[in-house]
Amino acid sequence: VNALEVARGVREGATSASEQLTTTLGVIGERNEELNVFLYVDQAGAVAAARRVDELVARGEDPGALAGVPVALKDNLCQRGVATTAGSKILEGWRPPYSATVVDRLLAAGAVPVGKTNMDEFAMGSSTETSAFGPTRNPHDCTKVPGGSSGGSAAAVASRMTPLALGSDTGGSIRQPAALCGVVGVKPTYGLVSRYGLIAFASSLDQIGPFATTVADAAVVLEVIAGHDPMDSTSLPEPAPSLLAHVDDGVAGQRVGLVRELTEGADDDVLASVELARRALEDAGAEVVELSIPECRLGLSAYYLIAPAEASSNLARYDGVRYGLRVDAEDVAAMNEATRTAGFGAEVKRRIMLGTYALSAGYYDAYYGQALKVRTQMIDAFRRAYREVDLLLGATAPTVAFAFGEKTANPLTMYLSDVFTIPTNLAGDPAISVPFGTGAGGLPVGVQLLGPGRSEARLFAAARVLELANGGA
Amino acid sequence: MVRDGWETVIGLEVHTELRTTTKMFCGCPNAFGAEPNTNVCPVCLGLPGSLPVLNVRAVDLAMAIGLALHSTIAPSTFHRKNYFYPDMPKDFQISQYDLPINVGGYLDLPDGSRVTIERAHLEEDTGKSTHLGGSGRLQGADRSLVDYNRSGVPLVEIVSGPDMRSAAQARAYASELRGILIATGASDGRMEEGSMRIDANVSVRRAGEVLGTRCEIKNLNSLRSLQRAIEYEAERQIDLIGAGGVVRQETRHWDEVLGVTSTMRTKEEAEDYRYFREPDLVDLEPDAAWRERIRASLGAMPAERRATLRARLDEPTTAQLDALEVVVDLGFDELVLAAIEAGVEGPLALARAANELAASIERVGDLDPSAFITTLAMEQRGDLSATQAKTVLLEVLDHGGDPAAIAAAKGFERLSSDSLGQTVAELIEQHPQEWARYREGDEKLAQFFIGQVMALTRGQANGKAVVAELRARR
């Protein structure tokens, strides 16, 4: 049952928010121990939210577009009074005194947040294996990773615990786990969704977006959470776009560019899915042309300077002074060091060191400064491409879900999981991963559609074409 | 103070808190003196997930400062200055770096010298630490407390060129700048509350030589400390060089009690702040309309106001010129000008403003200008003695009301010239020697007779009327 159906049922009285919540809590109870999807289930808060929705329905009032739909939140999204860790020991026990804008908007639309999902520590990883609280398992194969960093949110939707989830995407952290778990995942245009209340990893790249089982569900969630927020200076000035109304617009007459660099090095099963997607788009009336955006090859290098640089600054506040973990020592500087040494995992420390180095006097120009130039080139390159075509097509991830431990020994192999998703973050543009076919071991494959800034309506329409071609209803 | 053949070279960095209602990046009140950690929210506490939103009023005031200092208002950006300190909740400070809002400019001092302004940029203030036990500084304290009420209060840092050549000139610059900050409405100029703090860069050289190595003295919080610290530091550097030593570039701390500067950290220990563009804020590009709106809202600056008032005084004495500076500093010049316009003599208006009004400064805001003028006019006419006029003025300041009614209620009736004449005549008889000296032209003796009359009338007489009586009998 998808989110739109649940919401319709709740509004029409065919079911209730409380009933839906009971179902959700039942599935979580059955499978969470095995899958490690939720770090925290806010049962009391969810029951209260569901009851409020049911009361509105009983009074004849409209609870909103997501009436009674249970939703999972990635654990880097703040919700007032609800434990939030960002997958790190350093924040264990912290309860934010405020809610992220997206959480407030979900609640205002009648959604029922049920808890916080597992993630790579501070969103740094592609498998949930860097979580301080153990990895999440892929619902399709428990020996495989769900992808990351929003692996918990992807798995929550894939395992049917919740019809919807929110994640955050800095270099692919929504799209890659969506692909590996076989669900729809959206990275919106930078600034479309407020970041207020999202625990920052790399501020200039982070965007919040939805996971859903259908394209239409993802469109509804984005309509709910998008739109200007005065609490986020980088928030776009306009209200949320109309998406659901355009989801069946199709792709007839659209020009789609199949990007060589966004398939290069992908496994054969992934390439096969991209080829099938290309044909599906052509069958629906699109013209698909092959093109090259060589700048994409520089994306990974630029990303691993820019994101760690921003992270080294964003994560400085976890110093043991005000909240979270504190490891006492003889003076403040020693306490800072002991706290951070004990509280951060290896990958977080690696990126803080990378970023600190990239920004240091004498190295800034050669590293961070150079990466910014590459980013500008990337933006220009995509802009040029979108003069020729309406949308771009590529793979989401080079492989299907991989085994635990397969890529942890060498960080570079793990970083390569995001090679197709990173360029979009650097450009600030939207992209969507849609399940399309299966690969080795029957595991899901995702294909990626990319568009210019604010082209979400067009992207969702194309994604819907692929969804139908893949056997969707 | 500085020895022959040596020159002191000084540049100042003045930090001023801006008088906004709310903080720089959140809606918390910007107020001094509240209970610790009450004016705080997720943003100014730097909680995970919080984001800054620029307070437009802080930009208004920064632009006003720039315009008053003849700076160019330029498109600017915000950067993060990264370093760990417990009173900085994010462990970085949002500041402006290579593209500040105000570029260049100058400030002319009353002595005619000109100090160039390099830049005046926006940044946020930190919280305030209190260290208990140990040395009273962070390292070695038993316990440290942090009040984040000040965290995120908007600041403008005004950086001068290395243009000043004496501690006195540096003090004059700081004083003039303080007047401008108050006049623009950007700051209350209260150094004792920390709303204006100064770092002084000091070096010495033998006249005509290239610039010497500078030391930066941090956090000077009074004009007197500024002058003393610079004087001490210049002497220290000259002694050091004279003894064959070399000045190290370093940051120094001024000890107010001991009257000495000491090393805080050397250049080698200086932090690498790893500045980079603040990704949570957008570029700041005030358009022409915004700039013009601020320009139009600016009143006259202290130099111009001093000149305006000066033009209404005939051959003022040094004391009157001092009073004039005080009056402009305190912003009473419009009141004084209004009194002069109404026929009050300039020196009288200046004296009452620089003394009585200055002593009740916190109540002047509610003073009815016409009551001030009426009181002074009564004094000038001789209806009130100086003492009576001061009493009436204080009453007006404290409780308001009509000066004539207050005078009547206090029994300040004008001494008739008949009875005053009789008193003066009696005194002349009682003090023949003094009278003789006065008649021979010793004007100082007038004061003697005024004093005697005051004693007899318990201060109710008018000095000028006494002099008139004396002159009439001479």
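Protein chains get the first letters and strands the later ones, always in sequence-line order, with residue 1 at the start of each. Fair warning: this is a prediction, and the values are worked out from it, not measured in the lab.
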Between atom CG of D280(B) and atom CD of E310(A), what is the distance when rounded to the nearest 0.5 Å? 8.0 Å
Measure the OG-CD distance between S204(A) and E278(B) for me, rounded to the nearest 0.5 Å. 10.5 Å
Residue K89(A) excluded, over 12 heavy atoms near NZ under 6.0 Å: no
Looking at every heavy atom in both P48(B) and I199(A), which two are closest together, and how far apart are they? CB-CG1, 3.7 Å
Between S233(A) (side chain) and P52(B) (backbone), is there a donor-acceptor pair under 3.5 Å? yes
Based on non-hydrogen pairs under 4.5 Å, which of F84(B), F92(B), Y83(B) is most in contact with chain A? F84(B)
Show the nearest heavy-atom pair for residues S360(A) and D272(B), with the distance to one decimal. CA-OD2, 3.3 Å
Test item: F276(B) and S312(A) side chains (from C-beta on) under 4.5 Å apart, heavy atoms: no
Would the number of heavy atoms belonging to other residues, nucleotides or ligands and lying under 6.0 Å from CZ of R19(B) be above 12? no
Would you mind checking which part of F201(A) comes under 4.5 Å of any heavy atom in chain B, side chain (CB onward), backbone (N, CA, C, O), both or neither? neither
Which heavy atom of Y98(A) sits nearest a heavy atom of S50(B), and at what distance? OH-N, 3.1 Å
May I ask you to name which of L45(B), L54(B), V43(B), L47(B) has the most heavy-atom pairs under 4.5 Å with chain A? L47(B)
At a heavy-atom distance under 4.5 Å, which candidate from L205(A), L198(A), T234(A), L372(A) has the highest pair count against chain B? L198(A)
Strictly by modelled atom types, are R274(B) and Y368(A) linked by a side-chain donor-acceptor pair under 3.5 Å? no
Please classify the contact between A100(A) and chain B as side chain, backbone, both or neither, with a heavy-atom cut-off of under 4.5 Å. neither
Do L359(A) and R80(B) have side-chain heavy atoms sitting under 4.5 Å apart? no
Grab the two heavy atoms, one from R317(A) and one from G46(B), that are nearest each other, plus how far apart they are. NH1-O, 2.9 Å
For Y196(A), is it the side chain, the backbone, both, or neither that has a heavy atom closer than 4.5 Å to a heavy atom of chain B? both
Y273(B), part contacting chain A, at a heavy-atom distance under 4.5 Å: neither
Portion of A202(A) that has a non-hydrogen atom of chain B nearer than 4.5 angstrom: neither
Step by step, would you call Y275(B) with Y364(A) a side-chain contact (heavy atoms from CB on, under 4.5 Å)? CA-CA 9 Å; Y275(B) 279 100; Y364(A) 179 101; over 6 Å; no
Do K90(B) and D319(A) pass the salt bridge (Lys or Arg N to Asp or Glu O under 4.0 Å) test, and can you show the C-alpha distance, the side-chain angles, and the key distance before you say yes or no? CA-CA 9 Å; K90(B) 303 184 293 294; D319(A) 58 9; over 6 Å; no
D232(A) to L51(B) - nearest heavy-atom pair and separation: CG-CD1, 3.6 Å
Segment of P89(B) engaging chain A (4.5 angstrom heavy-atom cut-off): both
Quick check for you: among N314(A), T84(A), L91(A), N336(A), which has the greatest number of heavy-atom pairs under 4.5 Å with chain B? N314(A)
Is it the case that more than 12 heavy atoms not belonging to E347(A) sit under 6.0 Å from its CD atom? yes
S313(A) and N82(B): which non-hydrogen atoms are nearest, and at how many Å? OG-OD1, 2.8 Å
